[in-house]
Novice: 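This is the structure I want to talk about, given as structure tokens.
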Amino acid sequence: MKQKNILKVILAAIAIIGAGTIFFYSVSETTLASNDGKVEKVPTTYQVADSTDSALPKTAEGGEEKETAKEKVNYTLCLDDLNVEMPTDTDLTMEEAAETGAQYLKDIFGLDLDGAYVYMSYCSGTETFPRAFWSGDVLFEKEQTPESTRWYYLMDAVTGELFTISYSRQLDVNVSLAYDAALEKDYSVYAELAKKKAEECNLLDCPIDRVEYNCQGYGGNDPTIAMDVIGENGKIFNLDFSRYDQTFLGFISDTSRKITESAFESAVGEVESVEAQDIESNTVTWTTSMIK
């Protein structure tokens, strides 16, 4: 088996196994690494709509309609100068993506971005996530450090559909990050929290069928637990919570899950094809040598 193909499988597997915790924090760390260099800072004041109908989760049936009035949100928008790719004509602009991200943060976390620093990055797709996307790293301090309190989102570069959104912080207390075996057997507290949040944001566009345990992990010094909320329509959203104080830390969407799983299956299929070719080649070589 070729080393290159082994690497593809490993990378794809990492993107899926324990996605609830691994994806949230590995993505944030990647963004930090890309922002070690200088950035072009563009002070901006945007008109941000309270509702982005094409991208935001729909209001639950019977719920209150979102206001359509616009409000001014002042934040500093920064494009990382290490970002080597630029959006195409069919992609959202950096400003449009940032506006959409600001609305997601308001609707899901109740966050007001007034005075925030928003660091945007564009990517046409990766080996384990082959879809063009915009990502935003949001802080209320100019300097980005691993210990900074931050919010992060990743959306489809064309439609603005939200793939993942997260919140991370540095706890001011020392808590155990060890795996809690008891939670795997009784996760009812987190199942209820996940169900409530999914209904509040109407993530699944349908009644919830069940909530299942996914995995445990940690981000920085904050221990986490991930729950799968499964709708009657088959959609699955992975929601993350702190095991320290049950704070909601974000989610991975059903679309994001399908993209990574498809990439994994594709990588595995490629490896199996290469293995079959290698076996056939080795068989021919062995047979030829026997005849000689």
Side-chain angles (χ1 to χ4, degrees), residues 23-24 26-35 37-58 66 68 70-126 128-140 142 144 148 150-168 201 203 250-257 259-260:
F23 191 84
F24 289 147
S26 63
V27 165
S28 293
E29 290 170 3
T30 300
T31 302
L32 272 177
S34 68
N35 281 313
K38 297 179 180 178
V39 293
E40 178 187 358
K41 296 182 172 55
V42 185
T44 58
T45 300
Y46 292 109
Q47 295 286 335
V48 180
D50 270 353
S51 176
T52 308
D53 295 335
S54 63
L56 294 175
K58 298 177 182 178
K66 296 182 183 298
T68 57
K70 294 186 177 182
E71 59 182 21
K72 292 183 179 180
V73 179
N74 299 293
Y75 53 86
T76 301
L77 182 60
C78 311
L79 178 63
D80 180 6
D81 65 0
L82 296 180
N83 182 52
V84 297
E85 296 187 88
M86 297 300 293
T88 67
D89 291 340
T90 59
D91 293 319
L92 296 172
T93 65
M94 179 178 70
E95 293 79 9
E96 290 170 336
E99 289 177 8
T100 303
Q103 189 61 52
Y104 282 133
L105 290 170
K106 179 180 179 181
D107 283 14
I108 296 169
F109 286 105
L111 185 66
D112 181 357
L113 262 62
D114 192 56
Y117 291 86
V118 181
Y119 297 84
M120 299 294 293
S121 295
Y122 172 82
C123 181
S124 60
T126 67
T128 56
F129 199 82
R131 180 79 71 88
F133 59 83
W134 275 107
S135 60
D137 190 29
V138 181
L139 307 88
F140 284 88
K142 191 172 183 179
Q144 293 172 285
S148 297
R150 59 171 23 88
W151 291 259
Y152 180 86
Y153 54 78
L154 189 149
M155 71 181 71
D156 187 287
V158 178
T159 67
E161 178 184 359
L162 184 61
F163 291 142
T164 185
I165 193 166
S166 66
Y167 162 62
S168 61
C201 297
L203 299 180
F251 65 72
I252 296 174
S253 73
D254 184 72
T255 301
S256 179
R257 177 184 62 83
I259 291 172
T260 53

Novice: Rounded to the nearest 0.5 Å, how far apart are OG of S148 and NZ of K142?
Specialist: 14.0 Å
Novice: Compare every heavy atom of S256 with every heavy atom of F129, then report the nearest pair and how far apart it is.
Specialist: CE1-OG, 3.5 Å
Novice: Taking the side chain as everything from C-beta on, heavy atoms only, tell me whether L111 gets closer than 4.5 Å to F140.
Specialist: yes
Novice: Ring-plane angle category for Y117 and Y119, please: parallel below 30°, perpendicular beyond 60°, tilted otherwise.
Specialist: parallel
Novice: If you compare all heavy atoms of Y153 against all heavy atoms of V118, which two are closest, and at what distance to 0.1 Å?
Specialist: OH-CG1, 3.8 Å
Novice: Find the distance between CG (D254) and CD1 (I252) and round it off to the nearest 0.5 Å.
Specialist: 11.5 Å
Novice: Atom CG of L154 and atom CG of D137: how far apart are they, to the nearest 0.5 Å?
Specialist: 11.5 Å
Novice: Can you name the nearest heavy-atom pair linking V73 to D114, along with the distance?
Specialist: CG1-N, 4.0 Å
Novice: Which heavy atom of Y75 sits nearest a heavy atom of E99, and at what distance?
Specialist: OH-N, 3.9 Å
Novice: Which pair of non-hydrogen atoms, one from V158 and one from T90, has the smallest distance, and what is that distance?
Specialist: CG1-O, 3.6 Å
Novice: Are L113 and W151 side-chain neighbours, meaning at least one heavy-atom pair lies under 4.5 Å?
Specialist: no
Novice: So, do M120 and W134 sit near enough that their side-chain heavy atoms are less than 4.5 Å apart?
Specialist: yes
Novice: Which pair of non-hydrogen atoms, one from Y152 and one from S135, has the smallest distance, and what is that distance?
Specialist: OH-CB, 3.1 Å
Novice: Quick one: OH on Y104 to SG on C201, what's the gap to the nearest 0.5 Å?
Specialist: 12.0 Å
Novice: Is the side chain of S253 donor-acceptor paired with the backbone N or O of T164 at a distance under 3.5 Å, no angle test?
Specialist: no
Novice: Nearest 0.5 Å please: distance from the CG atom of D156 over to the CD1 atom of I259.
Specialist: 7.0 Å
Novice: Would you compute the distance between atom CE of M86 and atom OG of S124 and round it to the nearest 0.5 angstrom?
Specialist: 12.5 Å
